[in-house]
Novice: 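Attaching a single structure in structure tokens format; questions to follow.
Quick caveat: nothing in here was measured; it's all calculated off a predicted structure. Below, chains carry the letters A, B, ... as their sequence lines are ordered, and counting in each starts from 1.
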Amino acid sequence: MAERYNVAATESKWQKIWEENHCFRAVTDPARPKYYALSMLPYPSGRIHMGHVRNYTLGDVVARYQRAKGFNVLHPMGWDAFGLPAENAARDSHTHPAAWTYNNIKVMKRELQSMGLSLDWEREVATCDPAYYKHQQKLFLDFLKAGLVYRNEAWANWDPVDHTVLANEQVIDGRGWRSGALVEKRLLAQWFLKITAYSEDLLSALPSLDQWPEKVRLMQENWIGKSEGAYVHFAVEGQGESLEVFTTRPDTLFGASFLAISANHPLAQKLAKKDERLAAFCEDCNRMGTSLVEVEKAEKLGYDTGVKAVHPFDPSWALPVFVANFVLIEYGTGAIFGCPAHDERDFAFAQKYKLPITPVVLPSGEDLATFKTMLEAYTGPGTAFNSRFLDGMETEQAIGAAIAKIESLGAGKGTVQYRLRDWCISRQRYWGCPIPMIKCPQCGIVPVPDRDLPVVLPEDIDISKPGNPLDHHPTWKHVSCPQCGGKAERETDTCDTFVDSSWYFVRYCSPHNTELPVDKKDVDYWLPVDQYVGGVEHAILHLLYARFFTRAMKLTGYLKIDEPFTGLFTQGMVCHESYKDDQGKWLYPEDVQKNPDGTATQISTGRPVQVGRIEVMSKSKKNVVDPSSIIQAYGADTARLFMLSDSPPERDIEWSTAGVEGAWRYVSRLWRQVTAPKIPLAPKGARADALSPEALAVRQEIHRTIESFTQDLERFHFNRAVARARELSNTLDTLEASQAGADVVLREGLEVLVRLLNPMLPHITEELWQILGGQTFLTNTDWPAADPIYLVRNTITLAVQINGKLRGTIVVEKGAASQLVEQAAMDEPNVKRTLEGKEIARVIVVPEKIVNIVVRG
RNA sequence: GCGGGCAUGGCGGAAGUGGUAGACGCAUCAGACUUAAAAUCUGAAGUCAGUUCAUGGCGUGCCGGUUCAAGUCCGGCUGCCCGCACCA
């Protein structure tokens, strides 16, 4: 009877049936409650990796579970298909970026389909498809009209390897996020999206995202970086202009001893034209990297320009103006006033350049006389002194008074500063969405009219030359101006690919609308996304951009919502041991054999292998396992179960062969439990006339499992849910034919088990459901409900402690009186023996939990 | 430097609001089935003491505190991980 489970045949059979029956097709239906389950769309790099398997398994469990609960579920998939790797691959392998990309999509789609995901493939979107980016260009133009787009000559992060500029968010430790090259500063004309228009809104809405990880909200908060302070103007002697400074501590203005400006500050640039040494100094500053190591090593260097600035509170007080390497042009105003006594960096700078150090804030409890000889800067709050009209005020009060004074003098104003910069979206690359603008010598910069959208990428490009292929293209950029009809040129920059992924989840709602980016009835129904699942590496970039885009699309009339993602789950990464041969070259795990003594050998050569650290799977370290080979060997259900077992989904997991085999063992066991039960199953729907106590206990266990398994799914405790299912399997195996009703309860238990495990193991459970006589697809079957009758326990096992140490357990009736419980505890043999000759001080009875007997001595 | 997190057997990890620490699994060992192996099934196992059993001591990174009772709460350390970083 026990046929071997034919994984490959069964899995592909059900995948085909689901597809033919359009089981996962989502239809807008305002009469039904909706649930939008979304996993981050993949970049089509070639093959799927284990990170994808984990991400999409988690997302699929959510989607299938919510479907079973009765929601109208939208669970789409698409491709983040633009980006530089396609250009690099095309150049290296003499193909076309589009061909490379679409081929990868084809391969990866097949791989994803073999996972048995409950996706609505009819809504598939590829961001490199003109049918997609046409609407993105439209959005860009709408944002332009709404004042959210501008072009500006600005200091940009230039990646010298990828030959393109990068957004601030894409510079990590001073290096390009993709190329790893040290980023340089260049002054370039770029297109910007005005994300800073929403700085305050993006920040203040964070607390409302209560279904997001605290960690991600904090990261966004820090990234937006709000700080309150004031702009202060210092008149510059002999220059006929003033220098604007941002400070969070206007209360320390009387401790000022110098001003410092960035090498890229307009005043520095102006002065450098007449001062060769200053010009050289500025150049040095720009050459200096911004990486961690360099910043720490770098000395605080300044160049005294000889120019003096006038203190706003005292016209007779002149301060020297330095150009300093530590002042950043991109934060605040690119100029600071230095107060050495109360800022560590200014303190070091003042010591080096022999500038006065005047303390003006007295820490509470300090004596004024002793405090005056400062060995280091004091940055905390205190009482103002040496500060004329501020003297005696506490820091907070002094800040307010200083701002009031500045404002009354017309020397500046109180303000709020954000670290967040506008989003530079220009990329000097081919494989991206063309920015739909035209440069006309007569009319200036003119938008492409809506009727001319999409601006389609040319196919005949020369990718072998360095630089932007669109720029080299002989004809593509030459157009006539839509306003005057004269000769004009297209913008050859393309969009940062993060633009593409900032609204794809919106497009999924109405992917086939050729006229407009969205259909109102669709987006109003489906959005926001109820549960978003993806890697924490997108905590800032993608998630912040998408939140901004949602606001911008609301402003331009497409959406009603502010926040795109109600729930966010960030899963951990998939890790594996890494291996090197005796030459120090990385080896693939499949070429490594672990020996019983803990050493390892290279299979192909028999040479010894160095076992390295357990690290995130990455191609460069070769510590990768190909999901396809696992699915072929064990099936998708096993791979999915492995991803869900053992480790909580937010934590990193280590991929191991033993772990996969453990998952496989359970899948096979489930098969055997249903197809070759130890006792013959009762017929479908049979009822038991009388239940033996054992069978009743198992039935109660079944209902408790429904309860706890469901709660675990709700809370993303998938590893615990798997453990509960295994426990139920163990319990069902204890049933024996001699126990009245065992055959009925066994059937009940197996049916419940199969239904509970369906979101995790969709194929085998669907097959087993049919074997158990299920009339509908399990995919279309409701989630089981626990019967409260069987959740009630009538006896309870209590622990009995003496002085907090466990001495025995007792079984009492539920709701038994405290005196009875206490007596039962005293009568427990081991307790009784231990208590002999001891004086009882008190007895604590916590109903349904514990009895603790406190004895003296 | 700033912000956040984590620390439990050989390993991954369980233990809503303090209340029987170690669920479930991996690896290990023993037994059953088998000519044998694989697969499967049964059982053992935190650690030390106790010949077995009963039982007891010690145990959730370290030190201290609160409590009848602490993995959980509080104070102070140590170690690891993540994010940001010359932010004025």
Novice: Assess whether a salt bridge exists between A:Lys814 and A:Glu848, defined as any Lys/Arg side-chain N lying under 4.0 Å from an Asp/Glu carboxylate O.
Specialist: yes
Novice: Whole angstrom is fine here: how far is it from CD in A:Glu650 over to C1' in B:rC81?
Specialist: 14 Å
Novice: Can A:Lys678 and A:Glu736 be counted as an ion pair, charged N to O under 4.0 angstrom?
Specialist: no
Novice: Quick one: look up who B:rG71 pairs with, Watson-Crick or G-U, both distances under 3.5 Å, and put none if it's unpaired.
Specialist: none
Novice: Does the pair A:Arg704/A:Glu707 count as a salt bridge with the N-to-O cut at 4.0 Å?
Specialist: no
Novice: Side-chain N or O of A:Asn719 less than 4.0 angstrom from OP1 or OP2 on B:rA14?
Specialist: yes
Novice: Heavy atoms from C-beta onward define the side chain here; which of B:rA88, B:rG19, B:rG13 lies closest to that of A:Ser227?
Specialist: B:rA88
Novice: For B:rG65 versus B:rA54, give the span between their C1' atoms, rounded off to a whole number of Å.
Specialist: 37 Å
Novice: Of all the choices, B:rG83, B:rG19, B:rG13, which nucleotide is nearest to the side chain of A:Ile540 once you look at every atom?
Specialist: B:rG83
Novice: Under 4.0 Å from OP1 or OP2 of B:rA14: is there any side-chain N or O of A:Arg724 that close?
Specialist: no
Novice: Below the 4.0 Å mark, does B:rC68 have OP1 or OP2 next to a side-chain nitrogen or oxygen of A:Arg842?
Specialist: yes
Novice: Would you please indicate yes or no on a ring centroid separation below 6.0 angstrom for A:Phe322 and A:Phe349?
Specialist: yes
Novice: With rounding to the closest Å, how many angstrom separate the P atoms on B:rA45 and B:rC53?
Specialist: 10 Å
Novice: Can you see if the side chain of A:Arg651 gets near the phosphate of B:rG13 - specifically, an N or O under 4.0 Å from OP1 or OP2?
Specialist: yes
Novice: Sort out the partner of B:rA32 for me: Watson-Crick or G-U wobble, both distances under 3.5 Å, none otherwise.
Specialist: B:rU40
Novice: Let me know the distance between NZ of A:Lys215 and P of B:rG4, rounded to the nearest Å.
Specialist: 13 Å
Novice: If I take atom CG in residue A:Asn325 and atom P in nucleotide B:rC86, what distance separates them, rounded to the nearest angstrom?
Specialist: 12 Å
Novice: Of A:Ile336, A:Leu355, A:Ile357, which is the lone residue that meets side-chain contact (heavy atoms from CB on, under 4.5 Å) with A:Asp346?
Specialist: A:Ile336
Novice: Salt bridge between A:Arg807 and A:Glu828, side-chain N to carboxylate O under 4.0 Å?
Specialist: no
Novice: Taking any strand in view, what nucleotide pairs with B:rU60 in a Watson-Crick or G-U wobble way, both distances under 3.5 Å?
Specialist: none
Novice: Give the nucleotide from the list B:rG13, B:rC87, B:rC84 with an atom nearest to the side chain of A:Ser647.
Specialist: B:rG13
Novice: Identify which nucleotide among B:rA21, B:rG12, B:rA88 has an atom closest to any side-chain atom of A:Phe246, counting heavy atoms from C-beta outward.
Specialist: B:rA88
Novice: Measure from CG on A:Asp652 to C1' on B:rG5 and round the result to the nearest Å.
Specialist: 13 Å
Novice: Regarding A:Arg651 and A:Asp646, does a basic nitrogen lie under 4.0 Å from an acidic carboxylate oxygen?
Specialist: no
Novice: So, is B:rG79 syn or anti if syn means the angle is within 90° of 0?
Specialist: anti
Novice: To the side chain of A:Leu218, which of B:rG4, B:rG83, B:rA14 is closest?
Specialist: B:rG4
Novice: OP1 or OP2 of B:rA23 versus the side-chain N and O atoms of A:Asn730: is any pair under 4.0 Å?
Specialist: no
Novice: Please state the P separation for the pair B:rA85 and B:rC73 - nearest whole angstrom.
Specialist: 32 Å
Novice: Can you confirm whether the side chains of A:Ser227 and A:Tyr331 place a donor and an acceptor under 3.5 Å from each other?
Specialist: yes
Novice: For B:rC86, does the base pair up with any side-chain atom of A:Lys300 as donor and acceptor (N or O, under 3.5 Å, distance only)?
Specialist: yes
Novice: Measure CZ/A:Arg419 against P/B:rG83 and give the value in whole Å, please.
Specialist: 14 Å
Novice: Between B:rA88, B:rG3, B:rA14, which nucleotide gets closest to the side-chain atoms of A:Ile336?
Specialist: B:rA88
Novice: Please give, in whole Å, the distance from B:rA70 P to A:Asn803 CG?
Specialist: 11 Å
Novice: Which nucleotide sits closest to the side chain of A:Glu727: B:rA23, B:rG83, B:rG19?
Specialist: B:rA23
Novice: What is the per-nucleotide protein-contact pattern of nucleotides 52-60 of chain B, from the 5' end, where B denotes a base atom under 4.0 Å from a protein heavy atom, S denotes such proximity for sugar-phosphate atoms only, and - denotes neither?
Specialist: ---SSSS--
Novice: Indicate whether the side chain of A:Asn803 and that of A:Arg856 have a donor and an acceptor atom separated by less than 3.5 Å.
Specialist: no
Novice: When you check the gap from the basic side-chain N to the acidic O, do A:Glu836 and A:Arg833 get nearer than 4.0 Å?
Specialist: no
Novice: Under 3.5 Å for both donor-acceptor distances, Watson-Crick or wobble: does B:rA88 have a partner, and if so which one?
Specialist: none
Novice: What's the closest nucleotide to the A:Ala723 side chain, out of B:rA14, B:rC24, B:rA85?
Specialist: B:rC24
Novice: Across all strands, who's sitting opposite B:rA27 as a Watson-Crick or G-U wobble pair, both distances under 3.5 Å?
Specialist: none
Novice: Rounded to the nearest Å, what distance is computed from the CD1 atom of residue A:Ile853 to the C1' atom of nucleotide B:rU20?
Specialist: 14 Å
Novice: With a 3.5 angstrom cut-off on both distances, give the Watson-Crick or G-U wobble partner of B:rG16, or none if there isn't one.
Specialist: none
Novice: Return the polar atom pairs (N/O with N/O) between nucleotides 40-45 of chain B and the protein under 3.5 Å, or none.
Specialist:
{"from": "B:rU40", "atom 1": "O3'", "to": "A:Arg672", "atom 2": "NH1", "distance (Å)": "3.3"}

Novice: Applying a 3.5 Å limit to both distances, which nucleotide forms a Watson-Crick or G-U wobble pair with B:rG3?
Specialist: B:rC82
